[in-house]
Amino acid sequence: MHRKGFIFDLDGVIVDTAKYHYLAWKHLADELGILFTKEQNEQFKGVSRKRCLEILLGWGELKVSQSQFNSWLAEKNEDYLQYIETMTASEILPDVPKVLNFLKEHNVPMALGSASKNARPILKKVGLIPYFTSIVDGTQVTKAKPDPEVFMIAAGELKVMPQHCIVFEDAQAGIEAANRAGMTSIGIGKKEILTEAQYVFKDFTEIELNFIKELAEL
Ligand code: BG6
Ligand code: MG
């Protein structure tokens, strides 16, 4: 097995679903009369569905019954599912295949490390399942990012030491999780937001294969 392992977050890294999560939350927030901006949405990235709703209700100072809570949770997800229903490979973010193909050609093990319970169906829709040795998603983790659990499970399944794993993340919580796991953290997004990341790129078009080669020690 290769010494290095690569772990990818899904939403906002591999596919452009972060915008759909935002739209679905915005829809619910509007309905509940709670202000929800794109800046606030940064705090939802990488965070479990349940925790997002808790945060939203906290902002609105709303205390609700468990059944009301569950019904809003379901409503948000149904809304989100409508957005992803028709997803195809065209929604894979630019130059992501360039990096995935390069690593696959060199037999570098890859894992998915996502907080989403919808990760598998999304990967299936966009045809990326075969790239991953391990898929760790929101159905398997008990402690959400910024806890490093999701990435530690992925490293274990790849049989790669945490310090030899490289994580790609668009969320502040995800970068913190990678750092806490002792992994190399690569932020995808804005430098001003992903201040804790070891490297930051706007998107994969900015990433040279030579850089990947160096990280993978090829
Ligand atoms: C993460 C997203 O990948 O998954 C979060 O960044 C989202 O915004 C979380 O809340 C949970 O996703 P899902 O699909 O289980 O609601
Ligand atoms: Mg993400």
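Along the sequence shown, residues carry numbers from 1. Counting convention: from 1, in listed order, for ligands and their atoms alike.
- In this structure, Phe201 is not a member of the same hydrophobic cluster as Ile7, with clusters built from ILVMFWY side-chain heavy atoms closer than 4.5 Å.
- In terms of N/O distances under 3.5 Å, ligand 1 is approached by Ser116.
- Note on Asp11: its N/O/S atom closest to the Mg ion (ligand 2) is O.
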Start with the C-alpha gap between Glu91 and Tyr20, add the side-chain angles, then the distance that decides, and say whether side chain to side chain donor-acceptor pair (under 3.5 Å) holds. CA-CA 12 Å; Glu91 282 182 76; Tyr20 299 145; 2.5 Å; yes
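- When the Mg ion (ligand 2) is compared with the N/O/S atoms of Asp9, atom OD2 turns out nearest.
- By the neighbour-count criterion of 12 heavy atoms within 6.0 Å, atom NZ of Lys98 is densely surrounded, having more than that number from other residues, nucleotides or ligands.
- Counting protein heavy atoms only, atom 16 (O) of ligand 1 is closest to Arg49 NE, 2.7 Å.
- A donor-acceptor pair shorter than 3.5 Å cannot be found between the side chains of Asp137 and Asn118.
- Of all protein heavy atoms, the one lying nearest to atom 6 (O) of ligand 1 is Gly46 N, 2.8 Å.
- Rounding to the nearest 0.5 Å gives a distance of 9.5 Å between CZ of Phe36 and CG of Leu28.
- Any N or O atom pair closer than 3.5 Å counts here, and Asp9 shares no such pair with ligand 1.
- Using a 3.5 Å distance cut-off with no hydrogens or angles, the side chains of Ser114 and Ser116 do not pair a donor with an acceptor.
- Some N or O of Val47 is nearer than 3.5 Å to an N or O of ligand 1, by distance alone.
- Between Tyr80 and His21, the distance separating the two ring centers is shorter than 6.0 angstrom.
- Close approach of ligand 1 to Asn118 is summarised as follows: ligand atoms under 4.0 Å from at least one heavy atom of the residue are 13 (P), 14 (O).
- Below 4.0 Å from some heavy atom of Asp11 lie the following atoms of ligand 1, by number and element: 1 (C), 2 (C), 3 (O), 4 (O).
- Shortest distance from the Mg ion (ligand 2) to Asp170 is reached at OD1 (N/O/S atoms only).
- Numbered from 1 in the order shown, with element, the atoms of ligand 1 that lie under 4.0 Å from a heavy atom of Cys52 read 10 (O).
- Residue-ligand proximity, Lys117 to ligand 1, at heavy-atom distances under 4.0 Å covers atoms 13 (P), 14 (O), 15 (O).
- Thr142 and Glu149 share a donor-acceptor pair across their side chains, judged by distance under 3.5 Å alone.
- Close approach to Phe44 involves these atoms of ligand 1, each under 4.0 Å from a residue heavy atom: 5 (C), 8 (O).
- For an aromatic pair to be called close, the ring centres must be under 6.0 Å apart, and Phe44 with Trp25 satisfies this.
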